[in-house]
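Because the structure is predicted, anything quoted here is derived from the model rather than measured.
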Amino acid sequence: MLRPSLSTFAVICLGASLGACASSRLDGPRTRAPSPQASLDTVPAMPSGTVTAAPLAPPPGVAASPDAPLPPGAQAAAPPAGPTVIAEPVAPPAPPPPVATGGRSSVVGSWDARDATGANCKVTLSSTPALDLYRATATGCPNKDLARVSAWDFRDGEVYLYQPGGSVAARLRQGGGGLEGALTKSGAALALNR
């Protein structure tokens, strides 16, 4: 097999580059001569109605500025007779009551749980710590989410029931003599009573 020398390679490259320069494919954009346009038929102008300009009246319920001229045909409205009534600010609603006045210690113990289907079971909230939470057990619960409860916590006036892995199974607040809330996944109602 013959090896091409460096000079042969240089000659081939030079020939290819000169050949590319002569190609019309590498030219810049081509300009076209303008194509003759078809002559358009002249159309006579159509007469239009007269155009007038006048300021618009203010939208309903908005008073016009006192120095603005009134539109033609409008009359100035007389101020309403009688005293002006100023609305007083409305007080915000009272916050919901906390779950228990005693905090965590008041919800520790055994509870009868009833879900939206009417099924009952026992939920025990223990005071035994389990990392950042407290231990919880559920026995005899037909609802799978409630049956897997293994921990609980009391935050911002609510009792949170947790499943293994840290997912929230339910959130509960004080109501009706016990705790009322909902299961997180289904949104079904849940009540805990002593």
(request) Could you check if a side-chain atom of Asn193 sits within less than 4.5 angstrom of a side-chain atom of Leu179, using non-hydrogen atoms only? (result) no

(message) Give me the atom names and distance for the closest heavy-atom approach of Asp145 to Ala169.
(response) O-CB, 3.9 Å

(request) Any pair with a residue in residues 119-133 that passes side-chain hydrogen bond (donor to acceptor under 3.5 Å, both in side chains), sequence neighbours left out, goes on the list, sorted by first then second residue, please. (result) Asp112-Lys122, Arg114-Asn120, Ser126-Thr128

(request) Report yes or no: do Leu192 and Val108 belong to one cluster of Ile/Leu/Val/Met/Phe/Trp/Tyr joined by side chain heavy-atom distances under 4.5 Å? (result) yes

(request) Any pair with a residue in residues 107-136 that passes ring pair (Phe, Tyr, Trp, His ring centres under 6.0 Å), sequence neighbours left out, goes on the list, sorted by first then second residue, please. (result) Tyr134-Trp152

(request) Say whether Leu172 and Val168 are linked into one hydrophobic cluster, either directly or through other cluster members, by side-chain heavy-atom distances under 4.5 angstrom. (result) no

(request) Could you check Val123, Leu146, Asn143 and say which one makes a side chain to side chain contact (heavy atoms under 4.5 Å, CB included) with Leu190? (result) Leu146

(message) List the residues meeting side-chain hydrogen bond (donor to acceptor under 3.5 Å, both in side chains) with Arg148, not counting sequence neighbours, and say none if there are none.
(response) none

(message) Quick check: closest heavy atoms across Ala182 and Gly187, and the distance to 0.1 Å?
(response) CB-O, 3.9 Å

(message) For Arg194, give me all partners under side-chain hydrogen bond (donor to acceptor under 3.5 Å, both in side chains), at least two apart in sequence or on another chain.
(response) none

(request) For residues Ser186 and Leu183, report the shortest heavy-atom separation together with the two atoms involved. (result) OG-CB, 3.8 Å

(request) Provide the closest heavy-atom pair for Ser150 versus Gln163 in the form atom of the first, atom of the second, distance. (result) OG-C, 3.7 Å

(request) Go through the structure and list residues passing side-chain hydrogen bond (donor to acceptor under 3.5 Å, both in side chains) with Asp153, not counting sequence neighbours. (result) Arg104

(message) Does any part of the side chain of Val149, heavy atoms only, come nearer than 4.5 Å to the side chain of Tyr162, both counted from C-beta?
(response) no

(request) Any disulfide (SG to SG under 2.5 Å) involving residues 124-194? Give me the pairs, sequence neighbours left out, ordered by first then second residue. (result) Cys121-Cys141

